[in-house]
Amino acid sequence: MRSGEWRQYKAVRLNGEHYGGWYQQNDEMLDWIKEHKLASPVTCLGDGHDGVWNIFSLLGFKRERREILDWYHLKENLYKQPLEKEQLKELETDLWNGRIDKVLEKLEEKNNFRKYVLKHSERIVNYNYYKKEGITIGSGAVESAVKQISARLNLPGARWKEENANKMIAFRCTYLNST
């Protein structure tokens with residue numbers, strides 16, 4: 001294992017019912033995803049981590065994907081800003097309604113959150129509209145899947161050999177998919 005390498009497994013939830021998880025096996029994960037019938041466009045929901053979006057980019061052409069920055073991560077990052085409560089609420093309302101231009105106007109040029117918004121501007125949607133249309137705007141279901149998979153993997157005192165990690169993850173996902 002190289003220094004700085006991501007040592008957490010990745011989890012996927014498809015169509016609200018199929019769970020999958022992989023450790024250090026992105027190709028196998030993508031093959032599994034492609035075996036399933038996917039919606040068109042497929043909604044790819046994630047936090048701001050580049051690794052998530054790099055994997056999504058392998059799922060097909062941009063026009064086949066609807067990439068959405070997780071609302072709750074976006075809001076969490078907003079509220080880390082040293083701004084007045086009134087200004088934070090105003091920015092939250094603009095973000096909720098997809099008014100990125102207004103957000104950018106209100107933030108200083110060197111503000112890190114402004115850079116974050118610019119970086120993910122194509123993924124910041126009109127969350128209000130999407131929510132009304134029943135389109136998921138938060139990655140809570142995947143994060144819940146990670147916790148459910150981990151419930152078996154992270155037992156006190158348990159140690160897994162790296163070569164057995166994917167077997168244990170697959171076992172846990174099979175259990176979750178059958179319940």
Side-chain angles (χ1 to χ4, degrees), residues 1-78 80 112 115-117 119-125 127 130-131 133-179:
M1 181 76 40
R2 292 184 302 271
S3 175
E5 191 171 17
W6 188 26
R7 296 191 50 100
Q8 180 61 283
Y9 64 91
K10 296 173 186 88
V12 174
R13 185 168 183 236
L14 293 177
N15 304 326
E17 57 189 46
H18 301 290
Y19 294 99
W22 296 265
Y23 177 73
Q24 306 292 331
Q25 293 185 323
N26 289 350
D27 291 339
E28 289 83 349
M29 176 180 64
L30 289 166
D31 289 344
W32 181 82
I33 292 169
K34 291 175 182 177
E35 287 174 7
H36 291 81
K37 183 174 172 57
L38 301 176
S40 182
V42 62
T43 300
C44 301
L45 194 61
D47 61 16
H49 192 277
D50 288 339
V52 171
W53 304 107
N54 292 338
I55 290 171
F56 288 152
S57 72
L58 301 174
L59 290 176
F61 297 109
K62 179 92 169 150
R63 67 180 176 274
E64 297 170 332
R65 297 187 313 275
R66 173 178 30 217
E67 294 182 358
I68 302 174
L69 183 65
D70 176 280
W71 165 250
Y72 304 99
H73 283 91
L74 176 61
K75 186 175 170 182
E76 178 183 3
N77 282 317
L78 168 64
K80 290 178 182 175
N112 283 337
K115 292 175 189 172
Y116 178 79
V117 169
K119 178 179 179 178
H120 296 290
S121 62
E122 291 185 13
R123 299 178 182 121
I124 297 174
V125 298
Y127 296 96
Y130 276 46
K131 180 97 172 155
E133 290 297 313
I135 299 168
T136 305
I137 60 168
S139 58
V142 172
E143 291 180 21
S144 174
V146 168
K147 287 178 185 171
Q148 291 179 58
I149 294 167
S150 292
R152 177 68 178 103
L153 300 178
N154 296 334
L155 296 172
R159 291 253 194 250
W160 304 105
K161 290 184 178 180
E162 204 168 304
E163 62 267 19
N164 294 331
N166 280 300
K167 294 174 190 169
M168 291 307 301
I169 293 167
F171 172 74
R172 186 63 180 160
C173 289
T174 299
Y175 169 78
L176 292 171
N177 288 329
S178 65
T179 57

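Positions are given from 1 along the sequence. All values below were derived from every heavy atom in this structure, side-chain atoms included, with hydrogens, water molecules and symmetry-related copies excluded.
Atom-to-atom distance recorded for Asp31:CG and Asn26:CG is 11.0 Å, nearest 0.5 angstrom. Here the straight-line distance linking atom CG of Asn77 with atom CG of Asp70 works out to 10.0 Å at 0.5 Å rounding.
Using a 4.5 Å cut-off on side-chain heavy atoms (C-beta onward), Val125 and Arg66 make no contact. Put simply, the side chain of Val52 reaches to within 4.5 Å of the side chain of Phe56, judged on heavy atoms. At least one side-chain heavy atom of His120 sits less than 4.5 Å from a side-chain heavy atom of Trp53. In this structure, the side chains of Thr136 and Leu45 come closer than 4.5 Å at one or more pairs of heavy atoms. A heavy-atom distance below 4.5 Å is found between the side chains of Met29 and Ile55. Side-chain contact between Asp50 and Lys119: present, with at least one pair of heavy atoms (C-beta onward) separated by less than 4.5 Å.
The 12-atom threshold is not exceeded at CD of Glu122, counting heavy atoms of other residues, nucleotides or ligands nearer than 6.0 Å.
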Determine, stepwise, if the pair Ile135 / Ile68 fulfils side chain to side chain contact (heavy atoms under 4.5 Å, CB included).
CA-CA 10 Å; Ile135 299 168; Ile68 302 174; 4.0 Å; yes
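Here the closest non-hydrogen pair linking Leu59 and Glu64 is O-OE1, 4.3 Å. What you find for Arg65 and Cys44 is that their closest heavy atoms are CD-SG, 3.9 Å. Pairing each heavy atom of Leu58 with each of Lys34, the nearest pair is O-NZ, 3.4 Å. Closest approach of Leu69 and Tyr127 over heavy atoms only: O-OH, 2.7 Å. In terms of heavy atoms, Cys173 sits closest to Gly21 at SG-N, 3.4 Å. The two atoms that bring Val12 and Trp22 nearest to each other are CG2-CZ3, 3.8 Å, heavy atoms only.
The closest donor-acceptor contact from the side chain of Asp47 to the backbone of His73 lies at 3.5 Å or more, if one exists at all. With hydrogens and angles disregarded, a donor-acceptor distance shorter than 3.5 Å links the side chain of Thr174 to the backbone of Ala170. A distance-only check finds no donor-acceptor pair linking the side chain of Trp71 to the backbone of Ile124 [under 3.5 Å].
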